[in-house]
Amino acid sequence: MDTMDRVSEQPSPRHVIVAPGQTSVTVTEKISSLVFGKTPLWWFGAFSVSFLLLQVFLISVATLFVKGIGLWGINIPVGWGWDIINFVWWIGIGHAGTLISAILLLFRQEWRNSINRFAEAMTLFAVACAGQYPLLHLGRPQIFYWLMPYPNSSGYWPQFRSPLVWDVFAVSTYALTSLLFWYVGLIPDLGTLRDRSKNKFIAFLFGGLALGWRGSSRHWANYESAYLLLAGISTPLVLSVHTIVSFDFSIGIVPGWHTTVFPPYFVAGAVFAGFAMVMILAIPTRALFKLEAYITMRHFDNMAKVTLVTGLIVVYGYFVEVFMAWYSANDFEWFMVTNRFFGPYKYQYWLLLLCNAVIPQLLWLKRIRTNLPMLFLISLVISVGMWLERFVIIVISLSRDYMPSAWDIYHGTIWDVGTFVGTIGLFLTLMFLFLRVLPAIPMSEIKMILPEAKLKNEEAH
Amino acid sequence: MSGGGHHHREILPLLPTYDPPAELDGLGKKGLIVGFFALIATLVGGLMANDHFTQFYRSYLIGFLFVFALSAGCWSISLVHHLSRGKWGVMIRRSLEAAAANLPLVAVMFVPIVFGIHSLYEWSHTEVVAGDPILSRKAAYLNANMFILRSAFYFVSFSLLAMWIRRLSLKQDQTGDPALAPKMQKIAAGSLLFYILAMTFAAVDWVMSLTPHWFSTIYGLYFVIGQGIAGMAFTILMCKFLSKLEPLAKRFSTENFHDYGKLLFAWTLVWTYFSLSQFLIIWSGNLPEELSWFYGRIKGGWKPVSLMLVFLHFVLPFLLLLSRSRKQNITRLARVAALMLFMRLVDLIWLTAPAFSPDVLKIHWMDITAPIGLFGIWLFFYVRNLRSRSILPLHEPYLREALGHV
Amino acid sequence: MAELHGIMAEYEKPGDLVAAIHKVREAGFRNMDAYTPYPIEEVIEALDFKTKMPLLVLCAGIIGCLGGFGLQYWVSVIEYPMNYGGRPLNSWPAFIPITFECTILLCALTATFGMIAMNGLPMPYHPVFNVAAFREKAGTNGYFLCIEASDPKFASAREALSGTNASEVNDVEA
């Protein structure tokens with residue numbers, strides 16, 4: 001806590017991102033011990049639970065393949081249900097990871113250096129989970145490659161005017177770029193692990209992945225430039241991905257979908273949910289791995305502020321949608337709003353407002369922003385709220401569109417729940433494996449911000 | 001935010017006071033003279049047109065929106081500066097405050113719009129509203145009394161909020177009370193929220209309702225970002241002016257300019273992002289009630305202006321501002337800023353003028369003289385505000401760092 | 001004496017390394033490389049290493065942009081023209097998102113694989129790892145400077161490095 005206070009008084013917060021007393025040696029020892037040390041008991045417990053949930057995913061998907069997507073609750077007109085809700089939810093969560101590692105790098109926000117690896121891993125695994133849903137929703141996932149433009153014997157091509165095809169390009173570019181960015185960031189640390197490993201086989205494995213990295217300055221010159229450029233292109237990329245996800249809805253003309261504020265409002269919502277997820281993961285990890293020296297209260301304070309700001313943009317989106325629906329004097333638009341307020345899904349709507357618009361306002365208080373249990377709880381509430389937001393957008397609009405004779409009510413089935421819980425299992429399984437076998441905190445980047453990394457002329461004052 | 005790479009400059013000793021350069025007065029006087037004659041010309045043009053001042057009001061609206069964008073834009077940048085508590089805004093804070101302090105003046109400049117309401121807004125004619133079912137449903141919002149009341153509310157609240165934070169900033173100069181910086185940070189957070197929300201309605205009132213059937217939910221944000229660009233472009237031009245004169249000569253670092261260049265670059269991209277989102281969604285939806293707004297702009301006579309916006313408000317500044325050395329050199333950066341300020345005017349013309357001539361390109365010479373006239377007067381008062389206090393915030397905690405004293 | 005790759009000096013502080021580079025460069029040495037656990041801009045500058053990465057990625061971006069739009073144009077206008085909801089064949093506004101994604105994709109691939117290729121990676125063997133201190137500290141807290149055998153003044157390299165603030169000077173066997 002007193003670290004925090006010093007930050008707010010001092011103009012230059014350079015030293016307090018990492019707790020005092022840390023050196024290159026302690027950083028390397030601590031972080032590589034997470035990889036080489038004995039597996040802690042709690043890890044087995046946590047991993048078992050995750051792995052069990054992963055089995056739920058496998059069972060749900062296997063059953064789906066046998067019986068078809070009629071298993072889910074979707075119907076006509078509600079052809080998109082939990083599957084697409086979960087897709088948008090997961091991909092949004094992934095965005096915070098890119099935001100932390102790329103945008104904060106461009107702004108030279110050094111506090112990012114201890115959480116970026118973790119956040120990037122979160123991005124990758126969240127995108128992996130997100131990707132399951134559109135593929136499964138295809139009904140015939142084995143021919144997913146029909147979505148890609150390639151010369152084929154039937155002589156047809158994808159419809160490039162469709163936002164769903166844009167999505168294929170956006171999400172696959174995003175997954176690939178995130179993977180490359182993450183891997184490039186890992187290379188120097190993999191080299192360090194190779195050199196520190198006592199076991200020949202493990203040294204060989206890390207050595208292979210490190211590609212023979214030796215820390216040459218000639219290499220660093222190219223590396224730094226490539227890393228910055230990757231950050232530079234990841235920044236517009238992450239905005240474009242959720243923008244295109246928002247186009248999946250707004251390009252269509254369904255009331256509640258077709259509205260111009262969707263792109264920035266979706267991006268803000270993604271970051272909002274994503275930062276909440278970073279906190280949900282970081283708070284227990286920090287305690288279990290004893291990483292208090294690297295993930296300080298300053299990190300949580302900053303993350304909570306980003307969450308608050310993006311949450312306010314989301315609330316602005318809700319507000320302006322309601323106002324414009326009235327101002328448009330368009331019957332369909334106004335019906336969409338009143339249907340949200342008082343229609344069959346009104347509880348979901350009001351609960352969404354409580355979760356996303358009301359409770360996060362607690363983050364205005366510094367007392368709350370530096371209280372980890374409270375932050376954890378608020379983050380959980382936001383995750384629920386952002387899931388509900390996608391439910392409200394997707395299901396309410398589809399279930400009540402232009403033609404009353406085509407209206408229907410939608411509810412997810414047990415298999416929808418199983419698939420969703422299952423992807424949480426997939427996510428956590430990947431996350432725990434990552435925490436166990438790779439350095440969760442970038443060693444080389446932490447060393448850059450240690451006091452000893454300062455050159456003489458800077459030490460003068 | 002701080003710049004990358006190395007920034008070399010001579011570090012000058014700190015001074016006890018930083019009085020604004022007297023040369024500013026000349027700039028203010030020039031503004032007053034040019035502004036006065038441009039306004040007279042516009043007024044004469046209005047009289048000669050013999051159309052009950054209809055064209056005059058239409059051109060005047062553009063001028064008003066232009067000077068309002070400068071004041072509101074500078075105000076919002078100063079709020080972001082207070083909120084982020086970064087050193088990047090220290091050198092320009094006084095200029096931003098001086099521009100924001102013109103908000104009451106801009107409120108006075110709004111008065112003619114009230115008189116011209118019938119020349120501008122279709123919904124202000126009760127007989128038109130009565131015969132139009134859509135406008136009848138909006139009448140609770142779109143009517144002359146509510147319009148004037150709301151505008152008064154925007155001006156009073158914006159002016160009071162801007163004056164409040166400016167007063168605290170002055171108090172910081174006098175007392176050096178360290179509690180003031182966190183206090184201004186809190187006020188800035190609230191003010192920024194209020195500004196964005198109120199500006200959404202102001203954009204609907206003043207501009208969107210020129211085509212009263214049309215609506216778009218991103219419209220308010222589009223105005224907010226446009227005003228940010230106008231404010232930043234003006235600030236960069238003032239930096240160029242001030243960086244040649246004592247006491248600020250050699251006190252700006254390339255890092256300062258780099259930061260301003262990055263902001264201008266980022267906001268230009270955000271403007272493009274908002275514009276493209278709005279256009280692509282409406283174009284793909286292809287609904288008559290929405291697309292009608294774009295039709296004359298993309299198919300009709302306004303197409304050249306639309307293309308001009310694409311190439312000169314996005315492509316050219318994007319390519320120019322990619323260069324790091326350009327962002328760090330105030331002379332070269334100022335050229336881009338001048339382009340952006342001009343393109344803000346073009347965008348305002350593009351937003352308003354097609355409402356009166358949807359299919360045929362019609363830009364009146366008064367569309368140019370009215371903004372010049374109001375801007376000249378605005379500049380005179382801006383200089384007065386800037387001259388009335390220290391050109392740097394004396395007890396700002398980051399001042400030493402901003403001046404290179406680490 | 002076995003064949004040498006170079007002579008390597010070790011420093012405890014990054015500042016010492018920078019000073020040493022300046023010193024040996026002034027003495028006329030050119031073929032050298034420094035090894036640090038994290039990137040140090042001053043070291044790269046002192047060694048006068050430049051990167052062509054931005055230009056490479058810019059070219060990739062331009063190719064990606066033109067290729068992405070070209071693909072959609074060719075498919076929608078030339079190869080498979082179809083009236084779809086009355087939209088023009090060349091629906092350029094709708095082609096913007098994929099054009100953008102293709103630009104980004106090509107930039108990302110080029111930055112990553114360009115970096116790996118320009119650095120001559122993967123490299124299974126390199127002589128610097130023959131130095132025990134290098135293996136131990138290069139990834140942790142060791143700052144190394146190696147004058148390579150190819151340098152014309154290599155004969156006096158050991159002397160020059162000993163004259164700097166090095167904590168240790170070692171031969172690097174090839």
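Per chain, numbering begins at 1; letters A, B, ... match sequence-line order.
In terms of heavy-atom pairs under 4.5 angstrom with chain C, the leader among Asn222(A), Thr192(A), Ile251(A), Thr28(A) is Asn222(A). Here Ile44(C) is the residue among Ile44(C), Thr103(C), Leu109(C) with the most heavy-atom pairs under 4.5 Å with chain A. When each of Asn141(C), Val75(C), Leu71(C), Leu56(C) is scored by its heavy-atom pairs under 4.5 Å with chain A, the top score falls to Val75(C). Of the residues considered (Arg218(A), Glu445(A), Glu224(A)), Arg218(A) shows the highest number of contacts with chain C, using heavy-atom pairs under 4.5 Å. Top candidate by heavy-atom pairs under 4.5 Å with chain A, chosen from Lys137(C), Lys50(C), Met82(C), His126(C), is His126(C). Contacts with chain A were tallied for Thr110(C), Val57(C), Ile98(C), Leu17(C); Ile98(C) has the most, counting heavy-atom pairs under 4.5 Å. Chosen from Pro149(A), Pro188(A), Pro236(A), the residue pairing most often with chain C at heavy-atom distances under 4.5 Å is Pro236(A). Each of Ala226(A), Pro158(A), Gly207(A) has some count of heavy-atom pairs under 4.5 Å with chain C, and the biggest count is that of Ala226(A). Across Asp195(A), Leu180(A), Leu228(A), Leu193(A), the residue that shares the most heavy-atom pairs under 4.5 angstrom with chain C is Leu180(A). Among Ile446(A), Thr177(A), Val241(A), Ile233(A), the residue with the largest count of heavy-atom pairs under 4.5 Å with chain C is Ile233(A).
The side-chain contact (heavy atoms from CB on, under 4.5 Å) with His219(A) is formed by just one residue from the set Asn119(C), Asp33(C), Ile116(C); it is Asn119(C).
Environment of OH in Tyr183(A): crowded, with over 12 heavy atoms of neighbouring residues, nucleotides or ligands closer than 6.0 Å. Atom CZ of Phe36(A) sits in a crowded spot, with more than 12 heavy atoms from other residues, nucleotides or ligands closer than 6.0 Å. Within a 6.0 Å sphere centred on CD of Glu159(C), other residues, nucleotides and ligands contribute 12 heavy atoms or fewer. Heavy atoms from other residues, nucleotides or ligands lying under 6.0 Å from NZ of Lys153(C) number more than 12. Summarising the local packing, CZ of Phe201(A) is surrounded by 12 or fewer heavy atoms from other residues, nucleotides or ligands at distances under 6.0 Å.
For chain A, the nearby parts of Pro39(C) are the backbone and the side chain; heavy atoms of each come within less than 4.5 Å. Only the side chain of Tyr143(C) comes within contact range of chain A, with heavy atoms under 4.5 Å apart. Only the side chain of Cys102(C) comes within contact range of chain A, with at least one heavy atom under 4.5 Å from a heavy atom of that chain. Of the atoms belonging to Phe129(C), it is side-chain heavy atoms, and not backbone ones, that fall under 4.5 Å from chain A. With a threshold of 4.5 angstrom between heavy atoms, Val165(A) approaches chain C through its backbone and through its side chain. Neither the backbone nor the side chain of Trp92(C) has a heavy atom closer than 4.5 Å to any heavy atom of chain A. Heavy atoms of Tyr156(A) lying under 4.5 Å from chain C belong to its backbone as well as its side chain.
Of all heavy-atom pairs between Ser76(C) and Phe160(A), the closest is OG-CD1, 3.8 Å. Looking at every heavy atom in both residues, Tyr35(C) comes nearest to Arg214(A) through CD2-O, 3.2 Å. The two residues Val43(C) and Ser217(A) make their nearest non-hydrogen contact at CG1-OG, 3.4 Å. When every heavy atom of Tyr38(C) is checked against every heavy atom of Ser444(A), the shortest pair comes out as CB-O, 3.4 Å.
Between the CH2 atom of Trp220(A) and the CG atom of Leu47(C) there is a distance of 14.5 Å, given to the nearest 0.5 Å. Considering OG of Ser240(A) and CD1 of Ile96(C), their distance stands at 12.5 Å, rounded to 0.5 Å. The structure places OH of Tyr223(A) at 10.5 Å from OG1 of Thr112(C), a figure rounded to the nearest 0.5 Å. Rounded to the nearest 0.5 Å, atoms OG (Ser225(A)) and CE (Met118(C)) are 7.5 Å apart. Distance OG1/Thr243(A) to CZ/Phe100(C): 8.5 Å, rounded to 0.5 Å. Note that the CZ atom of Phe169(A) and the CD atom of Glu101(C) stand 9.5 Å from one another [nearest 0.5 Å].
For Arg161(A) (side chain) and Leu89(C) (main-chain N/O), a donor-acceptor pair under 3.5 Å exists by modelled atom type. The main-chain N or O of Gln72(C) is never found under 3.5 Å from a side-chain atom of Trp157(A) such that the two would form a donor-acceptor pair.
Contacts from residues 21-29 of chain C to chain A, taken as heavy-atom pairs separated by less than 4.5 Å, involve no residues at all.
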Evaluate Met115(C) against Ile187(A) for side chain to side chain contact (heavy atoms under 4.5 Å, CB included), listing each step before the verdict. CA-CA 12 Å; Met115(C) 183 275 288; Ile187(A) 290 175; 4.1 Å; yes
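Residue pairs satisfying the ring pair (Phe, Tyr, Trp, His ring centres under 6.0 Å) criterion with at least one member in residues 43-69 of chain C, sequence neighbours excluded, are listed as follows: Phe69(C)-Phe95(C).
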